[in-house]
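What follows is a single structure, written as structure tokens, with notes after it.
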Amino acid sequence: MSFYWSEAGTLPAAKTERLGPLMACMAGTNSATPHCTALTGVVGQQVQCIVYDQRPSPCREVEPGDDKCIRARARHGLAPLAVATT
Ligand code: SF4
């Protein structure tokens, strides 16, 4: 889940990782078992993004119950969210 380095400008430096001259990712996500260091709490119980207002575009594109959400939850053994449609 990479993004242009310029998006990292508002994020704490320790919460991002440079991937080259133009790209960055959230620290902890460039791994075989990704876990963003900005995510606090216990997955499956209660979590919080501590940079929610500054989160980069790939994070903003994920919607509850969409394909990316389903895949991320499945990696932690969680069922898809039951999303209400109106
Ligand atoms: S939404 Fe927040 S906790 Fe989740 S990956 Fe993005 S920055 Fe990390």
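Just so you know, ligand 1 is whichever comes first in the structure, and atom 1 is the first atom listed for that ligand.
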Show your reasoning for whether side-chain contact (heavy atoms from CB on, under 4.5 Å) applies to Ile50 and Lys15.
CA-CA 10 Å; Ile50 62 170; Lys15 297 297 179 197; 3.8 Å; yes
Any atoms of ligand 1 less than 4.0 Å from a non-hydrogen atom of Leu39? List them with their elements.
3 (S)
Under 4.0 Å from a heavy atom of Met26: which atoms of ligand 1 are those, numbered in the order shown and with their elements?
7 (S)
I need the nearest protein heavy-atom contact for [atom]: residue, atom name and distance, please.
atom                    : answer
atom 2 (Fe) of ligand 1 : Cys49 SG, 2.3 Å
atom 6 (Fe) of ligand 1 : Cys59 SG, 2.3 Å
atom 8 (Fe) of ligand 1 : Cys36 SG, 2.4 Å

Heavy-atom check, side chain of [X] versus side chain of [Y], under 4.5 Å:
X     : Y     : value
Val43 : Leu78 : yes
Met23 : Tyr4  : yes
Leu11 : Met26 : yes
Lys68 : Glu61 : yes

To the nearest 0.5 Å, atom CG of Leu19 lies from atom OG1 of Thr29 at 7.5 Å
Check whether any protein heavy atom sits under 4.0 Å from atom 4 (Fe) of ligand 1.
no
Counting heavy atoms only, which part of Val51 comes closer than 4.0 Å to ligand 1: side chain, backbone, both or neither?
side chain
